[in-house]
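Residue indices begin at 1 and follow the sequence shown. The figures that follow rest on heavy atoms only: side chains count, while hydrogens, waters and symmetry mates do not.
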Amino acid sequence: MKKLAALALVAGVSAMALGTCSMAEESVEVSVIAAQYGQNKADWWASFVEDFNADNPGITLTVEVVSWNDIYTVVNTRIANGQAPDVLNIDVFADYQADDLLLPAEDYVSEETYAKFYDSFLEQSEIDGTVWAVPDLASARALYYNADILEAAGVEVPTTWDELLEVCEALKAYDDSIYPWGIDMTTDEGQAAFAYYTWNNGGGFVDEDGNWDLNSAENVEAIEYAINLVNLGYTNSDPANDTRYDLQDMFGAGQIAMVIAPNSLPTYIADGGYEVNYGVASIPTNTGESVSAGVMDRFMTFDNGYTDEELAAITTFYDYFFEDERYSEWVLMEGFLPATEAGGEAVAAADESMAAWVDIVGSSKFYPTAKTEWADVKQGVIDVEQQALLGEDVQTLLDDLQAEIAG
């Protein structure tokens, strides 16, 4: 497909798109697949579509909201059938880029909108000097604890792995109907669990040179430690199926004493009608220095052979979505962190406690999503965890995964 000239992307492209589309005999269609984040996002998208179509009579926008458990299968099936969406909201992008399925961000994002993003966020979607996706939002993770339960059990918030074991034992002795610790090794967040434990044991997905290092000694020890928490009965009973939302509901209901969760947890609890006297602390570590996990998701556009009018309509979608007030509402709705400077200012102004989270996500570690193997690694570490839960040897599982990924 011939790319639009750079002049087509200067400020004002949205107005040009509206004029062009409104004069067309038929409406230009723009399709979006969006990930389901929480209880409110589907309703928000429905209102967004209604408003967008009313404000842009030459464009017909459709948005399909899909759960995180299903979105990868849905998207990959559509691609295989030649039905890729125009716009996709998901976390991974590098495998699509490697298959030449995506357009560079500069082809469909106006200069005005592009300038709003934090540079550090854009860098997470850069391959060989080109940005292939733009951030939609981010979150950082920390330890949430039920202050009343810990006080009643006479224990302090754990900061090390040894302390975590001791606190879990004491909590189980205090009330064995309460899970001391929450853990998610599902297809929804299993990669996050891998990050929490390996990063806080000096390991991780890659080594200091950026090469895959999945079977390092630090990683083996970390996953064995996590599995041991399960085997000792210190966690929710079904980590392979209990998603982060299940854990958040359990925490809100007072059924879990401690859980690693995103900064959006307080909003989730409030929306669910729960009342919990909770505190926030650093993730327990085995290295002396706690590492938080930063998670960033994206919007990307598939190269579907657009006409100039179609590409301009997609640009209009991005301009409309990232309009400062509308975008801030979307982020604040469920307590996520913004990917734009104006959004950051709005979040800090609306909730003073969120300002610290904006700083946290800036210093967090991120998944190595720019590596083309990331999608396979993500599923691979989840498979390792789930097989380890069934009693398989962690070292052997990680050795096999490293051989498969690194070749």
Side-chain angles (χ1 to χ4, degrees), residues 3-4 6-14 35 87-98 102-141 195 199 204-206 208-210 262-264 291-301 314-315 317-332 335-350 354-372 374:
K3 297 180 180 177
L4 283 177
L7 288 176
L9 296 177
V10 297
V13 69
S14 295
V87 177
L88 174 62
N89 168 216
I90 203 171
D91 52 350
V92 298
F93 81 102
D95 49 344
Y96 302 133
Q97 187 274 336
L102 300 181
L103 289 176
E106 65 179 7
D107 280 13
Y108 55 85
V109 179
S110 68
E111 289 184 356
E112 180 182 3
T113 295
Y114 194 86
K116 295 180 178 183
F117 299 114
Y118 290 115
D119 289 340
S120 60
F121 283 21
L122 289 172
E123 290 169 0
Q124 301 299 318
S125 300
E126 183 177 313
I127 296 176
D128 296 332
T130 298
V131 175
W132 295 93
V134 294
D136 66 330
L137 51 74
S139 65
R141 309 301 169 92
W199 281 344
F205 298 95
V206 297
E208 59 184 13
D209 296 320
N263 50 280
S264 57
V291 178
S292 177
V295 179
M296 188 192 81
D297 297 328
R298 301 166 169 83
F299 281 108
M300 61 207 71
T301 296
I314 291 171
T315 300
F317 162 79
Y318 282 100
D319 285 343
Y320 197 85
F321 180 87
F322 284 105
E323 186 274 325
D324 293 341
E325 184 176 349
R326 185 175 296 107
Y327 173 66
S328 297
E329 175 192 355
W330 189 71
V331 173
L332 284 166
F336 287 101
L337 296 174
T340 68
E341 294 185 13
E345 294 170 358
V347 165
M354 292 295 288
W357 281 102
V358 175
D359 293 335
I360 289 174
V361 77
S363 60
S364 297
K365 282 192 174 183
F366 286 85
Y367 301 136
T369 52
K371 296 177 73 66
T372 57
W374 168 245

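Contact between A140 and S292 at its shortest, heavy atoms only, is CB-OG, 4.0 Å. Pairing each heavy atom of I127 with each of A370, the nearest pair is CD1-O, 3.5 Å. F317 and F299 make their closest contact through CZ-CE2, 4.3 Å (heavy atoms, listed as atom of the first residue, atom of the second, distance). Here the shortest heavy-atom pairing between F93 and M300 reads CB-CE, 3.7 Å. Annotation for P104 and T130: closest pair CB-CG2, 3.8 Å, computed over non-hydrogen atoms. Across all their heavy atoms, A195 and F205 have their closest contact at CB-CE1, 4.0 Å.
For Y327 (side chain) and D136 (main-chain N/O), a donor-acceptor pair under 3.5 Å exists by modelled atom type. Between the side chain of Y367 and the backbone N or O of V92, no donor-acceptor pair lies under 3.5 Å. Side-chain atoms of K365 never come within 3.5 Å of backbone atoms of V291 as a donor-acceptor pair (strictly under, hydrogens ignored). Judged by distance alone, the side chain of R298 and the main-chain N or O of D91 form a donor-acceptor pair under 3.5 Å. Formation of a donor-acceptor pair under 3.5 Å by the S125 side chain with backbone atoms of W132 is not found in this model. Judged by distance alone, with hydrogens and angles left aside, the side-chain atoms of K116 form no donor-acceptor pair with the main-chain N or O of G343 at under 3.5 Å. Checking side-chain atoms of T315 against main-chain N and O of Y108 turns up a donor-acceptor pair under 3.5 Å.
From M296, atom CE reaches atom CZ of F121 across 7.0 Å, with rounding to the nearest 0.5 Å. A distance of 8.0 Å separates OG of S328 from CD of E323, quoted to the nearest 0.5 Å. Distance check: Y96 OH to T301 OG1 gives 13.5 Å after rounding to the nearest 0.5 Å. Note: L102 CG to D107 CG = 11.0 Å, rounded to the nearest 0.5 Å.
By the 4.5 Å heavy-atom criterion applied to side chains, Y118 and E341 are counted as neighbours. The closest side-chain heavy-atom distance from V331 to L337 is not below 4.5 Å.
Between F117 and Y114, the ring planes are perpendicular. Angles over 60° get that label, and only those under 30° would be called parallel.
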